[in-house]
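First up is the structure itself, then whatever we jot down about it.
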Amino acid sequence: MPTRSVFSLRDVTKVYRMGEVDVHALRGISLEVTAGEFLVFLGPSGSGKSTLLNIIGGLDTPTAGHVNYLEKDLTEAGEAALTDYRRHHVGFVFQFYNLIPSLTARENVALVTDIVANPMRPEEALDLVGLTPRLDHFPSQLSGGEQQRVAIARAIAKRPDVLLCDEPTGALDLATGVVVLDAIDRVNRELKTTTAVITHNSAVADMADRVFSMADGHIVQEKRNARRMAASELQW
Amino acid sequence: MRSQAIAIALVLACGVAMYVAYFSTFDSLQSTRAAYYADNRFADLFAGCKRAPRSLIDRIRAIDGVAQANVRVVVDVTADLPGVTEPMTARLISMRFPREPVLNDIFLRRGREPDPARPDEVLVSESFAKGRHLDLGDRVGAVINGHHRDLQIVGIALSPEYVYALRSGDLLPDPTRVGMFWMEERALGAAYNMEGGFNDVAIRLAPGASEQDVAAALDRLLEPYGSFGTVPQRLQTSSWFLNNELRNLQTAGVYVPSIFLLVAAFLLNVSLNRMVAIQREQIAALKAVGYTNLELGLHYAGFSLIISVAGAVAAVGIGKWLGVGMVEMYNRIFNFPTLVHHVSPVFVVRALGIGAVAGLAGALTAVRHVVNLAPAEAMRPPAPERYRQTLVERLGLQRHLSPALRMILRNTASQPIRTSLAVLGVSLAVAILVIGLFFIDAIEGLLHIQFDVTQRQDVTLAFTEPVSANATYALERLPGVTQIEASRIVPVEIRHGYIWRRAAVSGLEPNPELNRVVGASLDPIALAPDGVVLSQTLGDVLGVRTGDVVELRVLEGTRPIRQVTVQRLVDDYMGANAYMTLDALHKLMREAGSLSGAYLRIDPALEAALYRELKTTPMVAGVLLKRAMVQSFKDTIMQNMMTMIVINVIFACLIAYGVVYNASRIILSERGRDLASLRVLGFTRREVSGILLGELAVIVVAALPVGMLIGQSLSALLTWAMSSELYRFPLIITGRTRLFAVLVVLIAATISGLIVRRRVDHLDLVAVLKVRE
């Protein structure tokens, strides 16, 4: 079991101003993440899980508290430093894939491999998610599951230290969702990439090392799985 | 959308402001002219003769259709002012003081009327007084009938006959070289042996009278007295120029704002369609809950209407301000007692109406899209765009293209209509700049053609009356004269069927080197031994073609009437000219070698000595100096036109900016999601902006050549619309103009790009991840 701490969150609070009211998205979250862990965050809409993921991913900054990535305090980082952090250390997978429609699968991956040091070859990353036959297809020529797998290939091709997935199966049917989750699972196991998946699908929790349940900006429950299930074993 | 709305309102305001400026100035000029002509009884017909007895006046008044007739003496003499070496012309006009309600009455600006008992007292035209800094009490020398006389200025006056004070042979009024002097009738008559006689007639027609019949009767009466023919008001020099200017103002007022308004409507159209595309789900939702097509259509039409009417309201103020400036400019060219700018309410109403129409026209297709949108279909996201490899890539060059560059190329290539519209928008900006600057090129081109290619002489002399060919020997002896070309100019009426024009036939040497006949190709044209060569414009007016026969009614000497073949029509740019060889003209006149003037090339070092000599040469009635003409052109017309051109160009720059900014905002709205996704993936602001600006750059670069073509076509349209009997603009677009247009658009693109870049910097990265495309 890996022991090195990658992320350390202390009393992270996020308050949004929505019109006339303050929305407390996160209320003092603290947690430690070790290298290579597979985490799942569960919770209903508005529980704060996306906000937490965005803060860990350097897309957002907390109102109070500290987020440390290795020795670096992300809450102290400026815009350029956060961009650099995302560029070199974080791989993102989103519910709606966010592929560039004018680029083929291979080019969507190349977009990222072109800007980092020591990436995989795009073909290699796409092979990892089983898309070798679809290298030169545009997003409009791919199914939802294929698009999401391109997004995963794009996220991992840079060999990120952390893979963050926000509802990666949210827009997919069951069978396709399993294929996508399997790809994420393989990346975590084979590349030892620290992985966090947020979902409101509780079945996904069985894939994780640790599962956090969130509600109203708090972590209400933390559970460690004795055994991680493969995606194909999930029941939902 | 707010800044886009402002950009569109700005473009529209430019067009409407132009409309208000042009038409309010047109209206101000026209109403001022009408009041001036009426108050000062500007005549309907003008006639001249050598010398007729005063007793003829009763017979003139008896012509059927004559309401009022006045006769007077008008002579051109050489004026002399202390310290001025260049020859000047003084036109002496007889008048009875104290004044009676005569035709072509003067407007006395300052001073008093001359004392009938003091023959040396005169009124001077205001333009000359201003041009030469003359004031009440100053004295002016004039060579009257060979005698030098001192005239004392007692008043400063204007006349409706000289609103545009042009000396014959001049192209432009030069207030420093031609002055009108009104003298007591008896004093002038005595000085010129015209006591009991006259040489100038003015007639006001009775209501319903036939201009042609009265003119014919008058011609018959004056025939025995050396008639120079009768001219109707519309062809009277000053009035004709004023008409031309009004016509040009009206033409420009229609074409220039139309071009601007078209661009504004186009911009509105593109922006609103984009807005509808972005809001299609909201529109569908509203339709689903029961909003009618009418309500939704009205919403978008109303949005467009608000933008355009707001632009038009601002434009009325700007237009008024511009109009004041234009009238100020006209006050420098035209001599009116008072010419003030006013905007009549009808133009305000029309301006708002034009703004509203442009706005609604721009909203038309967007509203149609709203109406045609089926709710169920619109609730679904639009089908993903289909992309494919571009031609460049299929040619095997893709290895050299980065993914970012491929994005740019495919985005522009995959939506040909959207890209074409953006390219068209920016190219219209280029075109508007080209049109704005084209006028400078055209005027400079006209000057070059007129003074470097056609009239290559330095000095044009007109003799008091035709002299024998030996006179050239006398001219050769004048100081500084290096080359002489003789000329014979004969005033004629050219008739073809029932159409006629007054013109002067210039008799030139067969292959002249100084005053040449030059066509559109700018190659000199050799004159054939017989027949007449006419300006294309004159040919068009008369409706003649090469080989047709025209009738020349000579207006001097024995006044022969001859049939002459049109040898050729020449595409020249200025004036309505007629040319023959000297020999042919002499033959036509049945005269032996008479000359009426000469063209000289001179040694600039001896210029002053030559002018001194010419002022005292009795046979010389008029001296036109090319240098002075060019200078006066540059000082007055060019300066005034520059004001207009600068306004045009400023507006064109604003439009260029509005168009390019709009194009870049549309790209941003279409690519915002992709760009935000790239930012999330760790692309820097600079890298992401590069993609956006790259797409803008592709559009701008594609628009440059297209804009040049459109600009050239619209310039050709304007030269056609603004050509008159007076001049035609050559279609010349210089590299300087093209470069300027390109630079302005590039600068506008850079500024727009930087502003849009700032928006890229503030893209909401989190929001974009939550939205399905």
Side-chain angles (χ1 to χ4, degrees), chain A residues 16 25 45 50-51 53-55 57-61 79-80 82-104 106-116 122 136-142 144 147 151 154-155 157-158 160 164 166-167 170-171, chain B residues 381-390 393-394 398-399 401-415 419 667 670-691 694-695 698 760-773:
Chain A
Y16 293 108
S45 296
S50 284
T51 306
L53 198 78
N54 289 340
I55 287 173
L59 287 173
D60 207 347
T61 48
E79 196 282 325
L82 284 179
T83 302
D84 188 69
Y85 163 67
R86 292 198 301 273
R87 185 178 185 127
H88 295 291
H89 304 289
V90 186
F92 279 110
V93 176
F94 303 105
Q95 181 176 7
F96 298 116
Y97 333 130
N98 288 70
L99 297 178
I100 304 299
S102 55
L103 298 180
T104 61
R106 190 205 308 257
E107 289 163 347
N108 262 287
V109 179
L111 199 59
V112 170
T113 57
D114 276 4
I115 61 169
V116 294
D136 292 317
H137 286 63
F138 285 98
S140 61
Q141 299 166 320
L142 298 173
Q147 290 187 53
R154 181 178 66 182
K158 67 167 90 160
L164 302 177
D166 189 350
E167 300 280 8
Chain B
E385 288 170 18
R386 300 170 67 90
Y387 287 90
R388 54 197 191 117
Q389 295 195 326
T390 55
E393 296 169 85
R394 273 174 280 159
Q398 76 268 30
R399 278 178 293 116
L401 304 176
S402 68
L405 205 52
R406 290 180 204 187
M407 275 178 75
I408 293 170
L409 290 179
R410 289 180 196 161
N411 283 340
T412 43
S414 70
Q415 291 163 285
T419 305
I667 298 174
E670 290 181 347
R671 304 282 165 248
R673 180 185 162 85
D674 291 358
L675 300 179
S677 299
L678 292 176
R679 288 280 292 123
V680 169
L681 294 177
F683 277 69
T684 61
R685 288 174 173 175
R686 175 188 289 267
E687 288 163 339
V688 167
S689 307
I691 293 172
E695 203 169 327
V698 168
V760 172
D761 290 350
H762 297 108
L763 281 174
D764 187 345
L765 304 187
V766 175
V768 77
L769 306 174
K770 292 285 160 201
V771 190
R772 174 192 285 271
E773 190 179 23

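Computed from a predicted model, the values in this text were never measured in an experiment.
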Most contacts with chain B, counted as non-hydrogen pairs under 4.5 angstrom, among A:Phe92, A:Phe138, A:Phe94, A:Tyr85: A:Phe138
Closest contact, heavy atoms only, A:Asn98 versus B:Ser677: ND2-OG, 2.9 Å
Considering all heavy atoms of both residues, which atom of A:Lys158 and which atom of B:Leu681 are nearest to each other, and what is their separation? NZ-O, 3.5 Å
Bottom line for B:Ser414: the part with an atom under 4.5 Å from chain A's heavy atoms is neither
Ignoring hydrogens and angles, tell me if any N or O in the side chain of A:Arg86 forms a donor-acceptor pair with the backbone of B:Arg679 under 3.5 Å. yes
Could you tell me which portion of A:Ile115 (side chain, backbone, both or neither) has an atom closer than 4.5 angstrom to a non-hydrogen atom of chain B? side chain
Identify the two heavy atoms, one from B:Pro403 and one from A:Leu103, that lie closest to each other, and give their separation to 0.1 Å. O-CD2, 3.6 Å
Between A:Thr83 and B:Thr684, the two heavy atoms sitting closest are CG2-CA, 3.8 Å
Measuring from atom CG of A:Leu111 to atom CD of B:Glu687, what distance do you get when rounded to the nearest 0.5 angstrom? 9.5 Å
All heavy atoms of A:Thr104 vs all of B:Arg410, minimum pair found to be N-NH1, 3.9 Å
Select one option (side chain, backbone, both, neither) describing which atoms of A:Glu79 are under 4.5 Å from chain B's heavy atoms. side chain
Modelled atom types, side-chain donor and acceptor of B:Arg406 and A:Ser102, under 3.5 Å: no
For residues 90-100 of chain A, pull every pair meeting salt bridge (charged side-chain N to carboxylate O under 4.0 Å, His left out), keeping only residues two or more places apart or in separate chains. none
